[in-house]
Amino acid sequence: MADHFKLDLTQRPRRLRRTASLRSMVEETVLRPQDFIAPLFVVDGKGAPEPIRSMPGVMRFNIIDLVKECRALAKLGVPAVALFPKLDAKFKDEVGRAALHEDALILRAVRAVKKAVPQMTVITDIALDPYTTHGHDGVLSADGLDVANDHTVAILCQMAVLHARAGVDLVAPSDMMDGRIGEIRRALDAAGFTGTGILAYAVKFNSAYYGPFRDAVGSAKAAGTKLLNKATYQLNPANRREALVELRLDEAEGADIVMVKPAGLYLDIIREVRDATHKPVAAYQISGEYAQIHAAAQLGWLDLARCRHESLLAIKRAGADLILTYFAKDMALALR
Ligand code: PBG
């Protein structure tokens, strides 16, 4: 009976979906291990890897285990890691002094990784949140009601130079202070680090999905829970044009790579940024995006491997050249 019903169609897009071979021939977006940057957390001491409750499968590593992880990632074809320190609370203060310590955990971690796995591109976050008792990305203003922009930028410049001296390939300011890309560029150049690049968190939204990361670095206590949240520096999730303003500024100030963060909820922004710049575009699939997929998979509601792949495919299809994701290693393994 169905055979009597023939449409007179010239175009039948399903023709190219008929076989696996045809489907692969017309596939537009392909994920590769080189697309990924693995964010890794590092802690002091010699302890066993510490799991993070809200990020299944993600660990805080001591420096020795961190180096091992970097070696494994390099072997799998993941070209870069973004390192985040988790400090003991006793090393934190109001102004994040530990960030400028010559022997800071992050600097030791960078040196160890660059020494053992020199081909690995090492990226470090430039922001004060792992170092401040209040968990903000900068120092507070005199009245304690806001983050002081220019004072913070001055500290971030010193921090960037220390990181460059330790051997990072790219510094990644994630703080959203005004003017910090230009100042950091000048500071790096003045100190002789003209070859150290800047991966700018150009478009970073004030997202509720950073929660698990703040557990991981122990900055959750105050940030986002007091009257003073990160809304005075991170972008309002409602704003699209403002994202392009931030992009223009960071580009003009000397960013080598521009980043959009979060990724999956901001695919429209990734696309606009891709269309508006000729610089490489990075996107950060953040902790909450990762946690969501794991949580649904744990409940048996979603298929972990397929959702992981699809979530990253969507980010690349939207226009991201590089993706920071906690799935980096799993993806590189799955793509073998
Ligand atoms: C802070 C920073 C954050 C992340 C990276 N650097 C969180 C924040 O702004 O509080 C988030 C990463 C993630 O959620 O995976 N400088």
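As the structure lists them, so they are numbered: ligands from 1, and atoms in each ligand from 1.
Heavy-atom proximity to D129, at under 4.0 Å, picks out these atoms of ligand 1: 1 (C), 2 (C), 16 (N). Using a 4.0 Å cut-off to heavy atoms of A127, the atoms of ligand 1 that qualify are 16 (N). Against a heavy-atom cut-off of under 4.0 Å, Y326 is close to the following atoms of ligand 1: 12 (C), 13 (C), 15 (O). Atoms of ligand 1 lying under 4.0 Å from any heavy atom of S174, numbered from 1 in the order shown and given with element: 1 (C), 6 (N), 16 (N). Which parts of ligand 1 touch Y284 is read off a 4.0 Å heavy-atom cut-off, strictly below it: atoms 12 (C), 15 (O).
Sorted by first and then second residue, the ring pair (Phe, Tyr, Trp, His ring centres under 6.0 Å) pairs involving residues 74-116 (not counting sequence neighbours) are F41-F84, F84-F213.
Checking Q285 against S311 by side-chain atom types alone, a donor-acceptor pair falls below 3.5 Å. For D146 and S141, the side-chain atoms include no donor-acceptor pair closer than 3.5 Å.
For the residues H136, M55, Q234, M176, the heavy atom positioned nearest atom 9 (O) of ligand 1 is part of Q234. The heavy atom nearest to atom 10 (O) of ligand 1, out of those in E289, R214, Q285, K261, is found in R214.
When heavy-atom distances to ligand 1 are checked against a 4.0 Å cut-off, D137 comes that close only through its side chain, counted from C-beta outward. Under 4.0 angstrom from ligand 1, the non-hydrogen atoms of D125 all belong to its side chain.
Checked by distance only, ligand 1 and S287 come closer than 3.5 Å through their nitrogen or oxygen atoms.
For R97, the CZ atom is loosely surrounded, since the number of other residues' heavy atoms within 6.0 Å does not exceed 12.
Relative to the ring axis of Y233, K230 does not place its NZ or CZ within 45° and under 6.0 Å from the centre.
Contact check for H294 versus F327: side-chain heavy atoms found under the 4.5 Å cut-off.
The salt bridge (Lys or Arg N to Asp or Glu O under 4.0 Å) test applied to E50 returns R60, not counting sequence neighbours.
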